[in-house]
Number of protein chains: 2
Amino acid sequence: MTAGSPGAAGNAAPARLRELRGRELAAALRTDTADRAAELAARGTAPHLAVVTATADESSAWYVRSIARSAEKAGLECTVVDLGPGAAESGIRARLRTLSADPTVHGIILQTPLPAGARLEDLASAIDPVKDVDGANPLSLGRLAAGLPAFAPATAEAVVALLDHHKIPLAGRHAVVVGRSTVVGKPAAHLLLDRDATVTVCHSRTTDLAALTRTADVLIAAVGRPRLITADHVGEGAVVIDVGTNVTEDGSLVGDVDPAAGARAGALTPVPGGVGPVTTALLLQHTVRAALTL
Amino acid sequence: MTAGSPGAAGNAAPARLRELRGRELAAALRTDTADRAAELAARGTAPHLAVVTATADESSAWYVRSIARSAEKAGLECTVVDLGPGAAESGIRARLRTLSADPTVHGIILQTPLPAGARLEDLASAIDPVKDVDGANPLSLGRLAAGLPAFAPATAEAVVALLDHHKIPLAGRHAVVVGRSTVVGKPAAHLLLDRDATVTVCHSRTTDLAALTRTADVLIAAVGRPRLITADHVGEGAVVIDVGTNVTEDGSLVGDVDPAAGARAGALTPVPGGVGPVTTALLLQHTVRAALTL
């Protein structure tokens with residue numbers, strides 16, 4: 001039943017679907033980051049983010065441009081180091097080491113996709129953890145899981161930041177994460193556990209996915225398959241966070257959640273305009289934090 | 001209903017409870033380890049495990065003696081470095097660094113409990129990951145989560161090794177881990193995910209624990225509370241792995257699972273004699289593996 005549908009003409013009005021927008025939170029984070037960047041600049045330090053890419057992928061290029069634009073607006077320096085799709089692993093690793101050793105660089109991101117055969121988890125070991133603003137170095141993930149200070153992957157942190165911003169409680173609630181990637185699913189699970197949620201991680205091999213996801217108070221879709229999560233996967237009134245940013249053939253952006261799932265959900269993030277802008281804002285915030293401690 | 005109870009005199013005979021013993025697997029692992037240790041000895045290398053303790057805890061002392069005995073039997077050298085319960089964090093860290101740099105030492109364990117205020121996750125960062133045979137360094141956990149080679153905490157690995165030994169399938173099944181510790185619950189969750197199980201992590205803040213654990217095909221109790229898991233927590237025919245080794249006032253060992261839960265479980269590990277002996281055997285196996293690669 002969609003909100004306000006005629007079938008609900010009885011007693012209880014159908015719950016309105018709450019849209020968990022990310023733009024306001026992202027704007028607040030950017031303002032805070034810009035303020036701190038200005039302070040640093042006054043002391044002679046320009047917070048500096050380096051983005052290493054080794055791909056000809058169009059949506060990656062689009063994302064990198066959007067990071068660079070946001071960085072510039074917030075008063076951060078952003079250098080894009082484009083090694084090209086033919087880059088060798090050794091070359092990528094060497095560049096990450098050089099940037100890690102460069103005192104004028106405070107944050108380092110290694111953009112995906114990578115050349116065939118190269119693995120982010122492996123190469124990111126070459127990023128100094130204090131500059132690992134997208135939490136890609138396995139040491140960052142391990143420290144996160146162990147409850148020690150570390151940068152979380154920005155997307156995973158954006159999930160929890162959005163839930164907090166919209167005052168959605170997590171302690172004692174059942175969070176179901178669909179997707180077990182090292183960059184989103186696993187770190188999101190750790191962040192949610194750290195907030196006292198009971199956490200289930202589902203994936204492509206899960207038997208009867210919909211039966212499991214329907215038990216979620218908070219459902220995180222982070223699987224990278226357009227509209228995999230339908231109304232059938234969502235419990236009545238559940239909070240649904242859509243991490244998916246799938247580019248369709250006509251160039252538009254669709255999430256992992258079918259918008260029709262909003263008929264059952266109590267709250268849902270839009271795509272675009274949900275997790276995405278918060279992720280970018282957190283990357284910049286991390287970079288300024290790194291600049292403050294380095 | 002207990003296995004073979006008169007109430008089952010109808011059609012289907014009640015399933016017999018399968019005891020998932022660990023001693024046979026532990027013995028097989030020890031034999032393999034002893035063979036490799038002998039090979040190494042023939043080449044002039046004595047595989048050498050160092051156990052650092054900083055506690056007056058009796059059950060810890062008992063465990064350390066049992067590791068030392070097993071090591072000796074398998075042909076490994078074992079040095080217990082007892083820093084005493086008053087040891088300072090800086091002293092423990094310095095000793096772990098010295099042992100990491102010592103070419104005659106192949107495996108290093110930092111025993112818990114630690115002096116008040118000291119955290120295993122923090123201190124274990126000083127253990128060289130190639131000698132981190134109990135997977136205590138956060139880098140080991142991060143690499144494990146990222147699917148990169150690393151030593152898993154022996155207890156967590158013992159859970160999966162026992163399931164494999166008893167030919168219990170994991171892919172697509174629902175594994176519920178009770179306990180979110182860095183040494184057992186979290187790494188066990190990663191190992192189970194890596195085996196394509198759907199994984200839920202529960203803990204002290206979980207709402208209606210029994211309702212959740214009853215949905216488990218495979219239930220892992222790793223919470224450290226005697227007999228917390230009762231028959232009410234176990235689904236009919238579920239496989240139950242009891243990681244608990246709680247020492248009672250009279251000095252006996254009891255698990256996290258009430259033996260009465262065996263009335264509903266399809267399979268259950270004994271305590272003692274289940275996960276424990278496999279854990280010790282894996283620690284020694286890891287040490288020999290480290291000696292082979294160093």
Side-chain angles (χ1 to χ4, degrees), chain A residues 119-125 129 132 135-150 153 169-183 185-187 189-190 192-209 211-213 215-217, chain B residues 119-125 129 132 135-150 153 169-183 185-187 189-190 192-209 211-213 215-217:
Chain A
R119 284 195 61 193
L120 175 67
E121 293 86 348
D122 183 19
L123 289 175
S125 302
D132 183 28
N137 186 329
L139 178 56
S140 298
L141 179 55
R143 289 182 61 86
L144 197 73
L148 297 170
L170 289 168
R173 302 187 86 199
H174 188 196
V176 176
V177 179
V178 187
R180 55 177 159 173
S181 71
T182 311
V183 288
K186 285 173 181 171
H190 283 294
L192 291 161
L193 266 181
D194 201 44
R195 300 294 299 278
D196 292 330
T198 300
V199 179
T200 298
V201 180
C202 302
H203 45 79
S204 55
R205 298 290 302 274
T206 293
T207 311
D208 202 350
L209 179 65
L212 250 167
T213 55
T215 68
D217 298 312
Chain B
R119 284 195 60 194
L120 175 68
E121 292 86 348
D122 183 19
L123 289 175
S125 302
D132 184 27
N137 186 329
L139 178 56
S140 298
L141 179 55
R143 288 182 62 87
L144 196 73
L148 297 170
L170 288 168
R173 303 186 85 199
H174 188 198
V176 176
V177 179
V178 186
R180 55 176 159 173
S181 71
T182 312
V183 288
K186 285 173 180 171
H190 284 295
L192 293 161
L193 266 181
D194 201 45
R195 300 294 300 278
D196 291 330
T198 301
V199 179
T200 298
V201 180
C202 303
H203 45 78
S204 55
R205 298 290 302 273
T206 292
T207 312
D208 202 350
L209 179 66
L212 250 167
T213 55
T215 68
D217 298 313

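Chain letters run A, B, ... following the sequence lines, proteins first, then strands; residues in each count from 1.
Atom CG of Leu170(A) sits about 5.5 Å away from atom CZ of Arg195(A), to the nearest 0.5 Å. In this structure, NE2 in His203(B) is found 10.0 Å from CG in Leu209(B), a value given to the nearest 0.5 Å. If you take NZ on Lys186(A) and CG on Leu144(A), they are separated by 13.5 Å, rounding to the nearest 0.5 Å.
In terms of non-hydrogen atom pairs under 4.5 Å with chain B, the most contact-rich of Asp122(A), Val176(A), Asn137(A), Leu148(A) is Leu148(A). No other option in Leu193(B), Val177(B), Leu141(B), Thr215(B) has as many heavy-atom pairs under 4.5 Å with chain A as Leu193(B). Between chain B and the residues Ser125(A), Cys202(A), Ala145(A), the most heavy-atom pairs under 4.5 angstrom are made by Ala145(A). Options Thr207(B), Thr206(B), Val199(B), Leu139(B) differ in how many heavy-atom pairs under 4.5 Å they form with chain A, and the most are formed by Val199(B).
With a 4.5 Å cut-off on non-hydrogen atoms, Arg143(A) touches chain B through its backbone and its side chain both. Thr182(A) touches chain B through its side chain: at least one heavy atom from C-beta onward sits under 4.5 Å away, while N, CA, C and O do not. Proximity to chain B (any heavy atom under 4.5 Å) is shown, for Ala189(A), by neither the backbone nor the side chain. For chain B, the nearby part of Leu212(A) is the side chain; its heavy atoms alone come within less than 4.5 Å.
What you find for Ser140(B) and Gly135(B) is that their closest heavy atoms are CB-CA, 4.0 Å.
Among the candidates Thr200(B), Thr198(B), Asp217(B), the single residue satisfying the side chain to side chain donor-acceptor pair (under 3.5 Å) test with His174(B) is Thr200(B).
No donor-acceptor pair closer than 3.5 Å links the side chain of His190(A) to the backbone N or O of Ala146(A).
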